[in-house]
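Have a look at the structure below, then the notes.
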Amino acid sequence: MTRGTALLLMLALFSAPADAAPIYKTKDERGNIVYTDDPQGRPAELVELPDLTIVPATPLPAPAPEPAAEPEAEAPLAIELLAPEQDATLRSNAGNLEVVARVNRAPDEGDRFEVLLDGAVRGRNAGGTFALTAIDRGPHRVSVRLVDADGNVVAQSGEHSFFLLRHSRLHP
């Protein structure tokens, strides 16, 4: 076979329509109905198939361009006072108190936390957790604020009231 003949034969095979092969209905050895293009010598009935219906694809509209995303505004800095709880009664014979505050995002470089006990600053640090000592018995108010490097208040927690119980030599 020459190259030209082989090429001609291949073109003829690939250009034949896909629905050109006949379909047969036959039964296998168990009596099951089988549809095939090769009945393998069994008695078979030629199946007439309707013409293939081809529906052209519906053109879709081009997707609308997405609007440009606006940069999210950074949430304002907020401080939450976790300890002591509001209206707590605490017992510490030494007058010790742990104050814990949490911020909703990282503070800026140079910002510092200040703890205020009854309106007076009792400590400063970069973490927001304080261990206060020698606090008198009785009712108190505590809050925490964040100040920048220039001393300006950036954010402040709400104020919590608490009562500190301590033994007294006068009232054991």
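Keep in mind that what you see is a predicted model, and the values were worked out from it rather than measured.
With hydrogens and angles ignored, the 3.5 Å screen pairs a side-chain donor or acceptor of Asp118 with a backbone N or O of Arg141. Under a 3.5 Å cut-off, the side chain of Arg112 and the backbone N or O of Gly127 do not form any donor-acceptor pair.
With a 6.0 Å radius and a threshold of 12 heavy atoms from other residues, nucleotides or ligands, Gln86 has its CD atom above the threshold. Other residues, nucleotides and ligands contribute more than 12 heavy atoms inside 6.0 Å of the CZ atom of Arg42. For Glu159, the CD atom is densely surrounded, since the number of other residues' heavy atoms within 6.0 Å is greater than 12.
Remark: Thr26 OG1 to Asn32 CG distance equals 11.0 Å, nearest 0.5 Å. Interatomic distance, Asp28 CG to Arg30 CZ, rounded to the nearest 0.5 Å: 7.0 Å.
Looking at every heavy atom in both residues, Asn104 comes nearest to Ala78 through OD1-N, 2.8 Å. Contact between Ser143 and Gly158 at its shortest, heavy atoms only, is CB-O, 3.8 Å. The two residues Arg166 and Asn93 make their nearest non-hydrogen contact at NE-O, 3.1 Å. Among all heavy-atom pairs drawn from Arg122 and Thr133, the shortest one is NH2-O, 3.1 Å. For Leu117 against His140, the heavy-atom pair with the smallest separation is CD1-CB, 4.0 Å. A pairwise comparison of heavy atoms in Ala149 and Asp111 identifies N-OD1, 4.4 Å as the closest pair.
Clustering ILVMFWY residues whenever any of their side-chain heavy atoms sit less than 4.5 angstrom apart, transitively, puts Leu90 in the very cluster that holds Val99. Cluster annotation: Ile79 and Val153 are assigned to distinct hydrophobic clusters (Ile/Leu/Val/Met/Phe/Trp/Tyr, side-chain heavy-atom contacts under 4.5 Å, transitive). Cluster annotation: Phe130 is connected to Leu146 through the hydrophobic network of ILVMFWY side chains, with a link wherever side-chain heavy atoms come within less than 4.5 Å. Residues Phe113 and Leu132 share a single hydrophobic cluster, defined by chaining ILVMFWY side chains whose heavy atoms lie under 4.5 Å apart. Cluster membership for Ile135 and Val144, using ILVMFWY side-chain heavy atoms within less than 4.5 angstrom, is shared.
Between Phe162 and Val142, the closest side-chain pair of non-hydrogen atoms falls below 4.5 Å. Using a 4.5 Å heavy-atom threshold, the side chains of Val121 and Val115 count as separate.
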- [ ] Report the C-alpha separation of Leu77 and Arg105 in whole Å, then their side-chain angles, then the decisive distance to 0.1 Å, and conclude whether the side-chain contact (heavy atoms from CB on, under 4.5 Å) test is met.
- [x] CA-CA 7 Å; Leu77 189 65; Arg105 62 178 173 85; 3.6 Å; yes
Open item on the list: The test is side-chain contact (heavy atoms from CB on, under 4.5 Å); show your working for Thr36 and Ile23 and say whether it passes.
Closed with: CA-CA 6 Å; Thr36 181; Ile23 302 294; over 6 Å; no
Task: Trace of the side-chain contact (heavy atoms from CB on, under 4.5 Å) decision for Glu98 with Asn96 - done: CA-CA 7 Å; Glu98 182 182 39; Asn96 296 332; over 6 Å; no
TODO: With side-chain hydrogen bond (donor to acceptor under 3.5 Å, both in side chains) as the test, would you mind laying out the steps for Ser157 and Glu80 before giving the verdict?
DONE: CA-CA 5 Å; Ser157 73; Glu80 179 183 9; over 6 Å; no
Task: Audit row: Tyr24, Leu46, side-chain contact (heavy atoms from CB on, under 4.5 Å) steps and yes/no - done: CA-CA 5 Å; Tyr24 300 97; Leu46 183 63; 3.8 Å; yes
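If you run side chain to side chain contact (heavy atoms under 4.5 Å, CB included) between Pro84 and each of Leu97, Leu164, Thr89, Val100, only Leu97 comes through.
The existence of a salt bridge linking Glu45 and Lys27 is excluded, since no basic side-chain nitrogen approaches an acidic carboxylate oxygen closer than 4.0 Å.
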